[in-house]
Amino acid sequence: MTVTIKTPEDIEKMRIAGRLAAEVLEMIEEHVKAGVTTDELDRLCHDYIVNVQQAIPAPLNYKGFPKSICTSLNHVVCHGIPNDKPLKDGDILNIDITVIKDGYHGDTSRMFIVGQVPEWAQRLCKVTQECLYIGIEMVRPGVRLGDIGEAIQKHAEKNGFSVVREYCGHGIGKVFHEEPQVLHYGRAGTGMELKEGMTFTIEPMINQGRAETRLLGDGWTAITKDRKLSAQWEHTILVTASGYEIFTLRRDDTIARTSA
């Protein structure tokens with residue numbers, strides 16, 4: 001398993017790509033409301049990435065994916081394909097953005113709440129974001145991937161939720177998906193040891209009900225097998241000499257960009 005350690009030049013370009021990905025999520029927030037279609041959100045994001053940012057939407061045509069963003073609604077775990085169905089009051093929606101700028105990827109996602117959402121659905125979204133932050137705050141040289149996975153799993157399960165097993169975080173850089181695989185469950189003291197210069201995503205997918213997923217016939221859309229809600233948040237992370245740096249931090253985040 002080979003992991004690419006990023007050079008200072010790589011890191012600077014990844015900072016730019018990460019910032020652009022974060023800006024797309026900031027831009028689209030005001031448009032996420034009842035009545036809008038995910039197709040329209042896809043169009044707005046595509047035009048912003050291509051025309052304003054002069055960047056490339058990485059999902060478009062990636063292994064045949066037909067759209068520029070992923071929109072995962074309610075019981076969709078990940079890789080939802082934008083369509084012409086309008087959002088409705090009470091929906092929860094993950095928008096996953098990956099941009100390519102100067103050959104480097106920035107990958108991030110967040111949950112959006114549409115109108116009046118039940119308290120338990122809001123709680124799922126909040127606990128999932130907490131899982132992300134718990135994982136990020138552990139990142140530093142010498143920590144093992146299993147340490148991060150166990151911490152995320154414990155927080156999710158303590159709150160009565162389950163962790164998706166089939167999908168995980170991943171190394172990222174010039175390549176969209178590279179080593180290592182970053183599991184959101186596991187056992188402390190196991191897995192690869194983090195080293196300065198590694199870059200990867202942490203992107204826990206947390207289910208309201210059981211952990212099992214099912215892939216739809218389109219070959220992309222993963223849903224919860226029990227059709228209960230799922231939530232996901234994602235950032236692209238750098239391992240620094242003393243901790244971490246988040247490349248994709250947004251204005252609405254409540255975690256520091258870098259560890260002290």
Side-chain angles (χ1 to χ4, degrees), residues 10-74 76 78-88 91-115 125 129 132 169-170 172-177 199 201-203 218 220-221 231-238 245-255 257:
D10 294 330
I11 289 165
E12 187 49 45
K13 290 193 170 178
M14 288 193 69
R15 276 194 191 106
I16 293 166
R19 190 184 72 239
L20 294 177
E23 285 172 1
V24 179
L25 286 177
E26 291 175 342
M27 176 279 297
I28 203 63
E29 181 171 17
E30 66 180 300
H31 301 282
V32 180
K33 52 194 173 197
V36 74
T37 66
T38 47
D39 259 346
E40 174 67 3
L41 298 176
D42 177 74
R43 186 189 65 77
L44 289 165
C45 290
H46 176 92
D47 290 351
Y48 188 80
I49 293 165
V50 171
N51 299 325
V52 177
Q53 297 183 333
Q54 315 270 289
I56 298 165
L60 186 60
N61 301 319
Y62 176 78
K63 297 185 176 178
F65 191 81
K67 299 285 183 170
S68 295
I69 66 173
C70 297
T71 51
S72 299
L73 186 66
N74 296 330
V76 177
C78 60
H79 306 152
I81 301 172
N83 60 32
D84 60 1
K85 188 177 172 189
L87 297 179
K88 62 184 189 307
D91 283 339
I92 62 170
L93 175 70
N94 176 274
I95 297 182
D96 193 339
I97 303 291
T98 309
V99 304
I100 307 170
K101 183 73 172 180
D102 293 335
Y104 289 81
H105 293 74
D107 189 2
T108 185
S109 83
R110 62 158 288 192
M111 296 303 295
F112 293 88
I113 282 169
V114 182
C125 294
Q129 187 178 34
L132 171 64
H170 52 89
I172 188 168
K174 284 184 177 177
V175 178
F176 193 168
H177 298 97
T199 53
T201 69
I202 300 177
E203 48 181 302
D218 60 29
W220 286 101
T221 308
Q232 180 188 23
W233 298 75
E234 174 184 16
H235 276 312
T236 299
I237 316 295
L238 165 72
E245 178 181 343
I246 305 172
F247 289 148
T248 47
L249 202 75
R250 299 178 310 278
R251 287 190 299 264
D252 60 278
D253 270 304
T254 56
I255 187 173
R257 181 177 294 277

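Nothing fancy with the numbering, it's 1 onward along the sequence.
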(Q) Please enumerate all residues that pass ring-ring contact (aromatic ring centres under 6.0 Å, His included) together with H46, with sequence neighbours excluded. (A) none
Q. Is the closest basic N to carboxylate O distance between R43 and D47 below 4.0 Å?
A. yes
Q.
Does this structure show an ion pair linking D39 with K67, if we count only N-O contacts that are shorter than 4.0 Å?
A. yes
Q) Are the charged groups of E234 and R110 less than 4.0 angstrom apart, N to O? A) no
**Q.** Nearest heavy-atom neighbours spanning T71 and T38
**A.** OG1-CB, 3.6 Å
Q. What are the two closest non-hydrogen atoms of H170 and D107, and how far apart are they?
A. NE2-OD2, 3.2 Å
Q) Does any non-hydrogen side-chain atom of Y104 lie less than 4.5 Å from one of K174? A) yes
Q.
Just verifying a value: how many Å separate I255 CD1 and I246 CD1, rounded to the nearest 0.5 Å?
A. 4.0 Å
Q: Hey, could you give me the NE2/SG distance between H79 and C70, rounded to the nearest 0.5 Å?
A: 5.5 Å
Q. So which pairs with a foot in residues 54-73 pass ring-ring contact (aromatic ring centres under 6.0 Å, His included), sequence neighbours left out?
A. Y62-F176, Y62-H177, F65-W220
Side-chain donor-acceptor distances from residues 16-26 under 3.5 Å, at least two apart:
{"from": "E26", "atom 1": "OE1", "to": "R251", "atom 2": "NH1", "distance (Å)": "3.3"}
{"from": "E26", "atom 1": "OE2", "to": "R251", "atom 2": "N", "distance (Å)": "2.7"}

**Q.** Contact summary for P66 and I81, nearest pair of heavy atoms
**A.** CG-CG2, 3.8 Å
Q: Could you grab the distance from atom OG1 of T98 to atom NE2 of H105, nearest 0.5 Å is fine?
A: 7.5 Å
**Q.** From NZ (K101) to CE (M14), nearest 0.5 Å
**A.** 15.5 Å
**Q.** Closest contact, heavy atoms only, D253 versus T248
**A.** OD2-O, 4.4 Å
Q. Taking all atoms of both residues into account, what is the closest heavy-atom pair of P57 and V50, and its distance?
A. CD-CG2, 3.9 Å
Q: With rounding to the nearest 0.5 Å, note down the distance linking CG in L93 to CG in N74.
A: 8.0 Å
Q. What are the two closest non-hydrogen atoms of A231 and C125, and how far apart are they?
A. CB-CA, 4.2 Å
